[in-house]
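Predicted model, so just to flag it, every value in this text is computed and none were measured. We're numbering straight along the sequence, starting at 1.
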Amino acid sequence: MDYSFPGNFRELKNLVYKAVLEIRFGRIKDFALHEGKNTSSFEKALELLLDAVPEEELPNLLERVELYLIKKLLERYSGNKSKVASLLGISRNTLETRLKNLK
């Protein structure tokens, strides 16, 4: 109630979105209004992911994220492995090897 919202409506809107995401992942708690101003949306998304993953699933998290990312990019680019490999900064052979090892 005491926060002045220097970002006006846009900041308030983003705060509401953040609150909805917090609830969506089963975490209803107080959070600082100006928390993480220097944090990118990518880092915020990773923080939400990390908070949502149970500790016992952490050992497989990297493999699951990598496989998910590769699959989503392949869907987005209609299975074009060369394009996806290029976007990820790896060779097509490396992409295919990772796909085999991750499945």
Side-chain angles (χ1 to χ4, degrees):
M1 295 296 288
D2 295 331
Y3 191 64
S4 66
F5 289 98
N8 298 325
F9 179 74
R10 189 173 297 164
E11 185 174 358
L12 176 61
K13 181 176 135 186
N14 289 336
L15 177 66
V16 170
Y17 284 148
K18 180 178 178 182
V20 168
L21 283 174
E22 292 280 333
I23 292 167
R24 183 174 173 188
F25 287 108
R27 296 175 43 212
I28 301 172
K29 64 180 183 88
D30 292 333
F31 52 87
L33 294 177
H34 41 73
E35 168 186 286
K37 284 290 182 187
N38 295 327
T39 306
S40 72
S41 59
F42 176 74
E43 289 170 327
K44 288 177 188 175
L46 289 177
E47 188 68 34
L48 287 172
L49 171 66
L50 189 57
D51 290 344
V53 173
E55 192 171 309
E56 61 272 6
E57 292 182 28
L58 287 176
N60 300 321
L61 182 62
L62 287 176
E63 290 86 8
R64 290 177 62 198
V65 169
E66 184 176 17
L67 182 60
Y68 181 82
L69 174 67
I70 290 171
K71 285 182 174 182
K72 285 298 179 180
L73 287 172
L74 285 169
E75 286 175 18
R76 182 177 292 177
Y77 294 100
S78 303
N80 186 336
K81 291 181 181 177
S82 296
K83 174 73 174 174
V84 170
S86 175
L87 287 169
L88 295 174
I90 58 177
S91 71
R92 182 185 163 112
N93 287 341
T94 299
L95 177 70
E96 289 180 357
T97 300
R98 286 188 182 175
L99 277 170
K100 280 185 213 170
N101 292 337
L102 292 170
K103 289 185 177 181

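For the side chain to side chain contact (heavy atoms under 4.5 Å, CB included) with I90, the qualifying choice from T97, L95, I70 is L95, the only one to do so.
Note on V53: it does not cluster hydrophobically with L62, by side-chain heavy-atom contacts below 4.5 Å among ILVMFWY residues. Linking Ile, Leu, Val, Met, Phe, Trp and Tyr whenever their side-chain heavy atoms come within less than 4.5 Å puts Y77 and L99 in one cluster. Using a 4.5 Å cut-off between side-chain heavy atoms of Ile, Leu, Val, Met, Phe, Trp and Tyr, with links allowed through other members, L87 and L102 fall into the same hydrophobic cluster.
One distance of note links CG of L73 with OH of Y68; it measures 10.0 Å at 0.5 Å rounding. Atom CG of L61 is separated from atom CD of E66 by 11.5 Å, given to the nearest 0.5 angstrom. Atom CZ of R76 and atom NZ of K83 lie 11.0 Å apart (nearest 0.5 Å).
Closest of all the heavy-atom pairs between P54 and A52 is CD-O, 3.5 Å.
S78 places none of its side-chain heavy atoms less than 4.5 Å from the side chain of N80.
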*Could you give me the CA-CA distance, side-chain angles and deciding distance for R92 and E96, then say whether salt bridge (Lys or Arg N to Asp or Glu O under 4.0 Å) is met?*
CA-CA 6 Å; R92 182 185 163 112; E96 289 180 357; 3.1 Å; yes
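Screening residues 56-65 for side-chain hydrogen bond (donor to acceptor under 3.5 Å, both in side chains) gives E57-R64 as the qualifying pairs, with residues at least two apart or on separate chains.
Judged purely by distance below 3.5 Å, without hydrogens or angles, the side chains of S91 and T94 pair a donor atom with an acceptor atom.
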